[in-house]
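Scroll down for the structure; my scribbles are underneath it.
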Number of protein chains: 2
Amino acid sequence: MNTKILVVDDETSIRKFLKVSLEANQFEVVEAQNGHEALQKLIESKPSLVILDHGLPDMNGIEVLKKLREWSTVPVIFLTVRDSDEEKVEALDNGADDYLTKPFSLPELMARIRVAIRHSKTEETQPVLAFGKLSLNQATHKSTYADVELKLTSTEYDLIKLLLRSGEKLVPHRMILKEIWGPHSVEHNHYLRVYFGQIRKKLDSAVPGAGEIIENESGVGYRLKPIA
Amino acid sequence: MNTKILVVDDETSIRKFLKVSLEANQFEVVEAQNGHEALQKLIESKPSLVILDHGLPDMNGIEVLKKLREWSTVPVIFLTVRDSDEEKVEALDNGADDYLTKPFSLPELMARIRVAIRHSKTEETQPVLAFGKLSLNQATHKSTYADVELKLTSTEYDLIKLLLRSGEKLVPHRMILKEIWGPHSVEHNHYLRVYFGQIRKKLDSAVPGAGEIIENESGVGYRLKPIA
DNA sequence: TGCCATTTTGACGAAATCTTGACCCCTGCA
DNA sequence: TGCAGGGGTCAAGATTTCGTCAAAATGGCA
């Protein structure tokens, strides 16, 4: 699976140019023409990186950036036509990871994309996440409990990944919902009950009693139980 | 303790300029004039970030970068006089985290430094509130007395958190009620009796007598008993 | 098109938690 | 001695949150 990049720009010519260039470098490209579409596509296609233009028809790039930073940690490279200090500082301080002024050089953009992706890899994408007997291999996309494979759906997989990343730290309901279903679903606590129920059942059928590693703190959130 | 930055440049004027500017922004500055000194200082003073000039007398910046990347993951911002694509790509692909061309704008440099430091701050310090033998881990949402776990409900947890934040200072009834139950419930003093009763009971069953750490000042409020 | 895996929704009992009221104690005071 | 106010304790509802099951909707994909 190639690395997916979301390109947000209202000018078709620039989008096409970036699409062709990025695809020539083995990236998969998702396009958005405005802020709302960008946030929508971000939830749908979970890209590994976002290239965000400053000037958009419905809301400006900074607003999009602030919105997505409420729940996403995806790397963002900001693009702009103007070379203004204030804009740069504003973007970088609001969560942009890099900033390029148009016209930019393609090799430089590619190099900066590699840097951004390198960063997010080292921070989050360790090939194997594990906690106690529960482990998850992000390369093969497989998960095991005590070396017994669990057949998880992709949503179940994402939930386990989220808990594993937090170790024995408690993850609040709303944070889970935001991460997995997007900021619109912050209220749907019922999802959590259903999905953690399914996951517990699969854990139990792998190793009876294993479902207990998923703990609930009533009214607050879920966490993994530290190894006894 | 301030964040430490290693500035590597052979030109004294630029080093001084950066030193003054960085110190004005609450950073601590360590200087090096050449590649060998840079690697030396990196080991000695363990900075949180390196600003590395491309042209150095003994070895060029790329070589320094490659060397330090053999064992260090410290963020590196590359500086150069020439605006060359090849140089940029080479630096970024060899482990530089950002790249700026002289003359650069100071606000932009500061913003990019903040980004780099933000990136490297992956692990947060575990926020533990404690007073005497009572402690509360806000990451795991667990509480202990003398290392015995107390199974608190979320409201009980919030109450203990409130008392812990005030240390041995007295917290008035109305303040507690407003914080936990909202401004509508400022009159319901009965809640406090019931809840602190429950908490005392849980403390006692963890360590007999421990319930006494919650003291009441008649007609005024509650507080934690200073350590004997 | 129809099938299948998955996601979303609804329903319901169980568990945990919160709220309320009854009753006790103690203290200070008339 | 009686009584009022504040505090502590207990336990019975009331309410919220959980866990579970299963039906309906959705979305690829042959």
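Here the structure is a predicted model, which means the values were calculated and not measured. Below, chain A is the first sequence line, B the second, and so on; all start at residue 1.
- The pair A:D97-A:R69 counts as a salt bridge, with a side-chain nitrogen and a carboxylate oxygen less than 4.0 angstrom apart.
- With sequence neighbours excluded, the residues forming a side-chain contact (heavy atoms from CB on, under 4.5 Å) with B:K66 are B:I62, B:N94, listed by chain and number.
- Just one of A:K41, A:K4, A:K16 meets the salt bridge (charged side-chain N to carboxylate O under 4.0 Å, His left out) condition when paired with A:E31; it is A:K16.
- With sequence neighbours excluded, no residue satisfies ring pair (Phe, Tyr, Trp, His ring centres under 6.0 Å) with B:F27.
- Atom NZ of A:K161 has more than 12 neighbouring heavy atoms from other residues, nucleotides or ligands inside a 6.0 Å radius.
- The CE atom of A:M175 sits 8.0 Å away from the CD atom of A:E179 when rounded to the nearest 0.5 Å.
- For DNA chain C, the span of nucleotides reached by chain B at under 4.0 Å from its heavy atoms goes, 5' to 3', from C:dT17 to C:dA22.
- Partners of A:E217 by salt bridge (Lys or Arg N to Asp or Glu O under 4.0 Å), not counting sequence neighbours, listed by chain and number: A:R223.
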Atom pairs, N/O to N/O, protein against nucleotides 2-4 of chain D, distance under 3.5 Å?
none

Report all side-chain donor-acceptor pairs from residues 142-155 of chain A shorter than 3.5 Å, counting only partners two or more places apart or in another chain.
unit_1: A:T144; atom_1: OG1; unit_2: A:S135; atom_2: OG; d: 3.2
unit_1: A:T153; atom_1: OG1; unit_2: A:E156; atom_2: N; d: 3.4

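- A heavy atom lying under 4.0 Å from DNA chain C marks the following residues of residues 152-161 of chain A, by number: A:T153, A:S154, A:T155.
- By the ring pair (Phe, Tyr, Trp, His ring centres under 6.0 Å) test, A:H141 pairs with A:Y157, sequence neighbours left out.
- Residues passing the side-chain contact (heavy atoms from CB on, under 4.5 Å) test with B:L100 are B:L79, B:F104, B:E108, B:L109, B:R112, sequence neighbours excluded.
- With sequence neighbours excluded, the residues forming a ring pair (Phe, Tyr, Trp, His ring centres under 6.0 Å) with B:H188 are B:Y191, listed by chain and number.
- The stretch residues 183-214 of chain A comes close to DNA chain C through A:H188, A:H190, A:Y191, A:V194, A:Y195, each having a heavy atom under 4.0 Å from the strand.
- Under the ring pair (Phe, Tyr, Trp, His ring centres under 6.0 Å) criterion, A:Y222 pairs with A:H173, A:F196, sequence neighbours left out.
- Rounded to whole Å, atom C1' of D:dG8 lies 17 Å from atom CD of B:E217.
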